[in-house]
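In what follows, a single structure is set out as structure tokens and then discussed.
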Amino acid sequence: MRKVKVQPLTAESFAQFGSFADLLRPERPCIGSSAVFYPDCVRTVSSGSCTGYSAVVCEYTQKMIVTEAEQHNYTTEVLLPLDGDVVCFVSPALTDRFAPELAQAFLIPQGTVIALNPGVWHKAPFPVKEGKTSTLVVLPERTYAVDCFVETLVQEKQIELML
């Protein structure tokens, strides 16, 4: 019987087999400040399309105030809270502008994956517990650059999410 010694996972030792990323402790360039987005930490290719696995790390706030909303017109976005429950707000893909009167919010338990249909308005999730919560984001590579419309909400369009 052949014996194989288990070795540490490093970029160099794993390079010939694929790629990896620690999504709970990402070490790479990021976008944002209150919700920090680490794009395309790992990428996969299937039938010519490339999928990016990203992390968004969000800080708990006492009040969950939605000040921005985004939509992807041609893309499904997948979210998976990794280390805590989160609240995700959504609004239907009925218009090209965010409609606060149609917004709803859902509690997404840790370990539960959701897929948002193309056009659905959303933004980074809100952690339920104090501290930071990491969420896996799965999108086609560079969606945030080529299929992402962000609307900064004026005061009268902002919404507060209540648990």
Side-chain angles (χ1 to χ4, degrees), residues 21-44 46 49-163:
D22 183 344
L23 296 178
L24 297 179
R25 291 166 289 286
E27 295 179 9
R28 58 183 296 107
C30 62
I31 302 168
S33 55
S34 61
V36 184
F37 181 65
Y38 296 87
D40 300 336
C41 295
V42 173
R43 293 176 297 280
T44 59
S46 181
S49 66
C50 192
T51 301
Y53 297 80
S54 308
V56 62
V57 180
C58 300
E59 184 82 41
Y60 172 82
T61 57
Q62 204 142 20
K63 288 188 174 185
M64 295 180 279
I65 308 291
V66 177
T67 59
E68 287 185 326
E70 75 178 32
Q71 73 175 173
H72 313 292
N73 288 312
Y74 308 102
T75 305
T76 295
E77 180 168 332
V78 173
L79 299 170
L80 171 63
L82 299 172
D83 56 358
D85 299 346
V86 297
V87 170
C88 183
F89 83 91
V90 290
S91 188
L94 302 176
T95 66
D96 63 347
R97 306 300 294 182
F98 176 69
E101 66 278 4
L102 301 176
Q104 296 183 44
F106 296 92
L107 177 65
I108 312 301
Q110 174 183 352
T112 301
V113 64
I114 64 169
L116 301 175
N117 293 334
V120 169
W121 288 94
H122 65 285
K123 194 67 168 128
F126 291 90
V128 172
K129 65 177 183 177
E130 290 192 30
K132 294 180 180 181
T133 301
S134 299
T135 299
L136 171 68
V137 180
V138 182
L139 290 163
E141 182 182 33
R142 296 189 39 78
T143 295
Y144 52 88
V146 297
D147 182 24
C148 185
F149 177 75
V150 178
E151 183 177 338
T152 300
L153 305 177
V154 295
Q155 183 78 31
E156 50 275 1
K157 279 188 128 181
Q158 294 180 5
I159 56 176
E160 182 175 358
L161 310 178
M162 309 297 289
L163 277 176

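Keep in mind it's a predicted model, so treat the numbers as computed, not measured. We count residues from 1, following the sequence as given. Any value given below was found using the heavy atoms of this structure, including those in side chains, with hydrogens, waters and symmetry copies removed.
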Item checked: Name of the residue among Thr75, Asp147, Thr76 meeting side-chain contact (heavy atoms from CB on, under 4.5 Å) with Pro118 -> Thr76
Notebook entry, point to check: Got Glu68 and Thr152 here, is their nearest side-chain heavy-atom distance under 4.5 Å?
Noted result: yes
Item checked: Taking every non-hydrogen atom, the tightest pair across Cys30 and Pro39 -> CA-CD, 4.4 Å
Next item on the list: Give a yes or no on whether the backbone of Phe98 and the side-chain of Lys157 come within a donor-acceptor separation of less than 3.5 Å.
Entry: yes
Item checked: Minimum-distance pair of heavy atoms, taken over all atoms of Ile159 and Ala103 -> CD1-CB, 3.6 Å
Next item on the list: Step through the shown structure and confirm whether more than 12 heavy atoms of other residues, nucleotides or ligands are within 6.0 Å of CD on Glu130.
Entry: no
Check: With side chains defined as the heavy atoms from C-beta onward, is the minimum distance between Lys129 and Tyr60 less than 4.5 Å?
Finding: no
Notebook entry, point to check: Any side-chain heavy atom of Leu153 within less than 4.5 Å of one from Pro100?
Noted result: no
Check: Between Gln71 and Gly119, is there a donor-acceptor pair closer than 3.5 Å when you use the side chain of the first and the backbone of the second?
Finding: yes
Notebook entry, point to check: At their closest point, which heavy atom of Cys58 faces which heavy atom of Pro127, and how far apart are they?
Noted result: O-CG, 3.2 Å
Next item on the list: Mind telling me whether His72 and His122 have parallel, tilted or perpendicular rings, with 30° and 60° as the class edges?
Entry: tilted
Margin query: Any side-chain to backbone donor/acceptor pair from Arg142 onto Asp40? Under 3.5 Å, distance only.
Written below: no
Check: Run the side chain to side chain contact (heavy atoms under 4.5 Å, CB included) check on Phe126 and Lys63 step by step: do they pass?
Finding: CA-CA 9 Å; Phe126 291 90; Lys63 288 188 174 185; over 6 Å; no
Check: Counting N and O atoms only, with roles assigned by atom type, does the side chain of Ser91 sit under 3.5 Å from a partner on the main chain of Ala99, one being a donor and the other an acceptor?
Finding: yes
Next item on the list: Report the C-alpha distance between Met64 and Phe89 in whole Å, list the side-chain angles of each, state the deciding distance to 0.1 Å, and finish with yes or no for side chain to side chain contact (heavy atoms under 4.5 Å, CB included).
Entry: CA-CA 10 Å; Met64 295 180 279; Phe89 83 91; over 6 Å; no
Next item on the list: Identify the heavy atoms of Tyr38 and Ser54 that sit nearest to each other, and give their distance.
Entry: O-CB, 3.1 Å
Notebook entry, point to check: Would a distance-only check, ignoring hydrogens and angles, find a side-chain to backbone donor-acceptor pair under 3.5 Å from Glu77 to Leu139?
Noted result: no
Check: Hey, does Ser134 have a side-chain heavy atom less than 4.5 Å from the side chain of Asp83?
Finding: yes
Notebook entry, point to check: Is a side-chain donor or acceptor of Glu141 paired with a backbone partner of Cys50 at a separation under 3.5 angstrom?
Noted result: no
Notebook entry, point to check: Looking only at heavy atoms, which two atoms of Cys148 and Glu70 are closest? And how far apart?
Noted result: SG-OE1, 3.7 Å
